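Quick notes on the structure that follows.
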Number of protein chains: 2
Amino acid sequence: MTHSLADPTLADAEAFASDANADGLAVSLVGPCEATFSGRAHRDLAAGVRQLLWKPDDTLLVHGAGGRDPDAWASGGTVTVDANDGLVVACDGGSAADALRVRFDAVHAATAFDPVDADATTVSGTEADLKERVLADPDLIEPGFRPLATERETPAGRVDVYGRDADGTVVAVELKNVRASPSAASQLERYVTALRRDLHADAEVRGILVAPAVTEKTRRLLAESGLAFSQVSPADAAGR
Amino acid sequence: MTHSLADPTLADAEAFASDANADGLAVSLVGPCEATFSGRAHRDLAAGVRQLLWKPDDTLLVHGAGGRDPDAWASGGTVTVDANDGLVVACDGGSAADALRVRFDAVHAATAFDPVDADATTVSGTEADLKERVLADPDLIEPGFRPLATERETPAGRVDVYGRDADGTVVAVELKNVRASPSAASQLERYVTALRRDLHADAEVRGILVAPAVTEKTRRLLAESGLAFSQVSPADAAGR
DNA sequence: AGCTCTATGTCGTGC
DNA sequence: GCACGACGTAGAGCT
């Protein structure tokens with residue numbers, strides 16, 4: 001399934017890579033290369049040793065020395081390989097004008113393998129879990145709060161949780177499972193304003209930001225807008 | 001500089017990887033593995049063939065069949081390798097509670113190489129370029145607009161460009177080099193509100209969103225908030 | 001270290 | 001297919 005070449009000629013590397021891709025395999029090429037990307041932005045990668053990963057879905061990743069993100073990448077286009085002048089792996093970005101071109105002077109190592117699909121990966125602990133948690137125990141948000149709907153539509157977007165507080169006042173809740181930034185405060189304010197407009201002119205609408213924490217500036221923005229903050233962590237059961 | 005092993009024993013792979021890392025090299029391991037991540041969220045990768053890239057800065061990337069983003073990753077911690085029970089490459093996330101553990105049943109291919117630094121990469125066509133462009137020719141935003149400051153601080157965050165229009169009215173400009181979403185409108189509204197509060201109570205403050213395009217909902221939100229939109233593309237010279 | 005914001009963000013979801 | 005918002009966002013720039 002997995003096979004490799006050490007120091008292949010460029011012609012051999014070209015055949016190796018295109019055969020592997022035709023077989024639905026992922027290909028890793030390591031060697032000195034330069035690259036350019038042209039699309040929404042422009043990117044130039046000066047000569048240096050990098051790894052190119054060509055996935056079966058025709059995603060190209062060019063990785064250098066550091067960082068989680070590739071130095072250059074392309075996806076959603078058609079990939080071509082050509083060994084006429086160096087080994088050129090190129091991706092024309094399909095509908096977008098994005099184009100990536102990687103040119104290897106030499107290939108030190110080539111590996112092809114049959115990678116597992118993304119559905120072998122499961123994730124938990126996301127905002128969806130936080131929502132489940134507060135719906136199961138609405139008092140976490142505020143004693144007496146009762147949810148009426150989730151993802152309620154407003155002209156300004158969907159409110160995460162919509163309900164009423166102990167006094168029967170309408171409440172819009174915005175959930176964040178990370179420390180909340182100013183954008184979360186203005187997002188909530190947008191919803192509250194839209195709800196006030198949508199309901200009767202004299203309708204009172206409260207807004208509560210639910211998150212494990214807020215930044216200082218965010219706390220101030222909430223206060224200025226008359227919005228509340230309720231501390232709830234996504235995981236632990238000792239909320240509020 | 002670049003060297004490889006084909007189908008090494010796990011002990012050999014361990015020695016290969018730790019030696020290479022000690023020499024400041026990047027290491028690629030391909031083979032059947034499973035992995036778990038525990039931190040801000042949880043992630044489980046069922047058994048399957050993947051590529052692990054261990055960069056010299058101790059970033060770990062686990063890539064499967066598709067997508068630009070790794071199936072799992074870790075950075076900012078200490079990486080350890082151990083071949084006692086499978087080949088385990090683990091990263092304790094340092095200050096964060098993030099921990100990634102990858103366990104290989106076998107290693108089909110191992111490659112070590114000396115990757116080029118990120119400073120070999122240059123980028124252009126970003127929002128910074130758009131800012132330069134409108135500062136060089138402020139009439140692109142609106143005839144008569146005159147910039148007074150960039151990144152002006154307000155209690156709600158930094159205004160991209162701050163100036164006055166042809167009538168002398170204060171203007172806050174928010175730049176986007178992509179099609180603008182509702183979040184851009186509320187970001188601009190935050191700044192305008194903060195400026196009105198900061199300046200005299202009777203101060204008039206206008207807000208202009210500068211972007212190549214806006215979505216329909218964004219256009220409506222701008223109108224409701226009394227904010228303007230000015231179409232300027234990051235690249236082409238035919239603005240306004 | 002903390003905070004704010006950009007990004008070729010990418011990715012999922014709902015229309 | 002477009003739009004919208006979350007993301008273990010990552011990464012840069014500034015205080």
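Quick caveat, the model's predicted, so the values are computed rather than measured. Below, read A as the first sequence line, B as the second, and so on, with proteins coming before strands; counting in each chain starts at 1.
Distance noted for atom C1' between D:dG5 and D:dT9: 13 Å (whole Å).
Residue B:Arg179 is in sugar-phosphate contact alone, with no base atom involved, counting any heavy-atom pair closer than 4.0 Å across all strands shown. If you check every strand for non-hydrogen atoms under 4.0 Å, A:Glu153 touches nothing. Using a 4.0 Å heavy-atom distance criterion, B:Gly125 is classed as making no nucleic acid contact. Among the atoms of the strands shown, none is found under 4.0 Å from any heavy atom of A:Ser181. Contacts of B:Ala156 with the nucleic acid, taken as non-hydrogen atoms under 4.0 Å apart, involve only primed sugar atoms and P, OP1 or OP2. Looking at heavy-atom distances under 4.0 Å, A:Ala72 makes contact with a base. Contacts of A:Glu151 with the nucleic acid, taken as non-hydrogen atoms under 4.0 Å apart, are absent.
Spacing between atom CD of B:Glu216 and atom C1' of D:dA3 amounts to 12 Å, rounded to whole angstrom units. Taking atom CZ of A:Arg220 as the reference point, atom C1' of C:dC3 lies 11 Å away to the nearest angstrom. To the nearest angstrom, C1' of D:dA6 lies 13 Å from CZ of B:Arg43. Distance, A:Leu175 CG to D:dC4 C1': 17 Å, rounded to whole Å. To the nearest angstrom, C1' of D:dA6 lies 11 Å from NZ of A:Lys131. Nucleotide D:dA10 holds its C1' atom 13 Å from the CG atom of B:Asp57, rounded to whole Å. For the pair A:Phe37 CZ and C:dT10 C1', the computed distance is 13 Å after rounding to whole Å. Atoms CG (B:Leu60) and P (D:dG8) sit 17 Å apart, rounded to a whole Å.
A salt bridge is absent between A:Arg50 and B:Asp114; no separation between the charged side-chain nitrogens and carboxylate oxygens falls under 4.0 Å. Under a 4.0 Å N-O distance rule, the pair B:Arg158/B:Asp160 does not qualify as a salt bridge. Salt bridge annotation for A:Glu151-A:Lys131: present, with a cationic side-chain nitrogen under 4.0 angstrom from a carboxylate oxygen.
In this structure, A:Ser183 does not reach the C:dC5 phosphate: none of its side-chain N or O atoms is under 4.0 Å from OP1 or OP2. Of the side-chain N and O atoms in A:Lys176, one or more sit less than 4.0 angstrom from OP1 or OP2 of D:dA6. Phosphate proximity of D:dT9 to B:Trp73: absent, as no side-chain N or O sits under 4.0 Å from OP1 or OP2. Dashed line: the shortest gap from a side-chain N or O of A:Gln187 to OP1 or OP2 of D:dA6 is under 4.0 Å. Under 4.0 angstrom from either OP1 or OP2 of D:dA6 there lies no side-chain N or O belonging to A:Asn177.
Nearest-nucleotide mapping onto DNA chain D: of A:Tyr191 and B:Leu100, the residue sitting toward the 5' end is A:Tyr191. Each of A:Pro182 and B:Arg68 was assigned the nucleotide of DNA chain C with the nearest heavy atom; the assignment lying further toward the 5' end belongs to A:Pro182. Checking A:Gly157 against B:Arg40, the closest nucleotide of DNA chain D that is more toward the 5' end is the one next to A:Gly157. Of the two residues contacting DNA chain C, namely A:Ser75 and A:Arg158, the nearest-nucleotide position lying further toward the 5' end is that of A:Ser75.
Counted within 6.0 Å of CZ on B:Arg101, heavy atoms from surrounding residues, nucleotides or ligands total 12 or fewer; the atom is thus considered open.
Using cut-offs of 30° and 60° on the angle between ring planes, the pair B:His63 and A:His63 is tilted.
Side-chain contact of B:Ser28 with B:Gln51: a donor-acceptor pair under 3.5 Å is present, judged by distance alone.
In this structure, of C:dT10, D:dC7, D:dG5, it is C:dT10 that holds the atom nearest to the side chain of B:Asp69.
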